[in-house]
S.K.: 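The structure's right below; bear with me while I get my questions together.
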Amino acid sequence: MTESLDVLTSLVAGGGVVVLSGAGLSTESGIPDYRGPSGVARRHTPMTFQAFTGDPLARRRYWARSHLGWRLIAGAAPNAGHRAVAQLQRAGLVDTVITQNVDGLHGAAGSPSVIELHGRLDEVTCLDCGNLTSREELDRRLREANPDFVARVAGVNPDGDVDLPDEQVAAFRPVDCGICGTGMVKPDVVFFGETVPPQRVARCFAAVEQARSLLVLGSSLTVMSGRRFVIRAAKRGIPVAIVNQGPTRGDDHATVCVDAPLGVVLPQLAARVAAGVPLKV
Ligand SMILES: [Zn+2]
């Protein structure tokens, strides 16, 4: 373990790092990683773009659950791991952060340059007029349309992913776009079955190809959306370091893997790099 942390430290101290972060970095902020440290799938099948746009009942169920889950995300604060990444970025060692997370916590921790691969949950887009509005504004309108809803489901699970009885879903009233008045609104995040905007992917590939190393933080690399950057780095001979609790699907491509809590490893890493001394545990 100490040996792998030494390798990690020297890679990061060399600068030119691109970070690829996933759900595991935000679990210590109270945001659930639905795949979990052991890679166990979440209880509910994630909403697909096709179901969201094509099935009014699925859309109603999504908004009813999301109306509750949003409170968890909106109330979350960055943790020591996010702050360590921001510190490394401000020190000029990390060039770019690519995140698969939609919680905005890298920015909240002070990271100056973040590519949000899968979008942001705090923004809402209209599928008709294309206008982008804030989730806060939508939340206000959803509350107005559903004045009794929160009170009746006060027992929200810690993971924010509540099981709602059908009659409560049926009673929930989603709202349309507040700008064009009739458009279907959707969180500005990439759903399963939806592709990441090509220009955004291109920016990520460009950053990875210019990197001296790729540092994966808290992602099991289960989906190709993130794993492709690891594969590209490995093909170009760019060293890949992975810090994650549990194995990942990128381990075969990695120069070094550290299996430990990110909130512990990253602040130590940042401190040791800053002090110019090897990391010890
Ligand atoms: Zn609209």
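One-based numbering, in listed order, for ligands and for the atoms of each. Starting from 1, each residue takes its place in the sequence as its number.
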S.K.: Testing the 3.5 Å rule here: is there a donor-acceptor pair between the side chains of His82 and Ser111?
M.R.: no

S.K.: Is it true that the side chains of Asn79 and Ser29 contain a donor and an acceptor less than 3.5 Å apart?
M.R.: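 There is such a pair (donor and acceptor under 3.5 Å, judged by atom type) between the side chains of Asn79 and Ser29.
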
S.K.: Protein N/O/S atoms under 2.8 Å of the Zn ion (ligand 1)?
M.R.: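 Short answer, with waters excluded from the count: Cys126 SG, Cys129 SG, Cys177 SG, Cys180 SG.
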
S.K.: Are Val85 and Ile242 connected, step by step, through hydrophobic side chains (Ile, Leu, Val, Met, Phe, Trp, Tyr) whose heavy atoms are closer than 4.5 Å?
M.R.: no

S.K.: Give the intermediate values and the outcome of side-chain hydrogen bond (donor to acceptor under 3.5 Å, both in side chains) for residues Thr248 and Asp251.
M.R.: CA-CA 6 Å; Thr248 83; Asp251 289 358; 2.6 Å; yes

S.K.: Any side-chain donor-acceptor pair under 3.5 Å between Glu123 and Thr133?
M.R.: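 No, no side-chain donor-acceptor contact under 3.5 Å.
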
S.K.: Which residues satisfy the side-chain hydrogen bond (donor to acceptor under 3.5 Å, both in side chains) test with Arg236, sequence neighbours excluded?
M.R.: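 Residues passing side-chain hydrogen bond (donor to acceptor under 3.5 Å, both in side chains) with Arg236: Glu209.
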
